[in-house]
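Below is one structure; the comments refer to it alone.
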Amino acid sequence: AVLRMAQRPAVLAAPGRVFGGYLVGYGALRWWIERLRDLQPLVWDGWTLHQLISVALIVLGIGLLLRPARIPAARQR
């Protein structure tokens, strides 16, 4: 529902914003779910592999959200 509300023309003018929001939301939800799971092998500093992947998705999503919008150059004929 949040992503659907984000599909306004101003947001859609910058490619990748809705997908970035999806990555942040999915990564955060997946990270939280992995904390609830039991008997997962720890890979690094008490974190599971799936938690590390979730953090990478969150960082990538934030990068897409903060990326400046490209304004198409005027075509010259």
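What you are looking at is a predicted structure, and each value in this text was computed from that prediction instead of being measured.
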Exercise for the section: Could you check whether the rings of Trp44 and Trp47 sit parallel, tilted or perpendicular, using 30° and 60° as the cut-offs? Expected result: perpendicular
Problem - Gap separating the CG atom of Leu52 from the CH2 atom of Trp31, nearest 0.5 angstrom - result: 11.0 Å
Exercise for the section: For Gln51 and Thr48, indicate whether the former's side chain and the latter's backbone hold a donor-acceptor pair under 3.5 Å. Expected result: yes
Handout entry: Leu64 with Tyr26, same ILVMFWY side-chain cluster at under 4.5 Å
Key = yes
Problem - Same apolar cluster (I L V M F W Y, side chains within < 4.5 Å links), Leu57/Phe19 - result: yes
Handout entry: Closest contact, heavy atoms only, Ser54 versus Gly27
Key = CB-O, 3.3 Å
Exercise for the section: Just jot down the side chain to side chain contact (heavy atoms under 4.5 Å, CB included) partners of Ile62, sequence neighbours excluded, or say none. Expected result: Val24, Ile58, Leu66
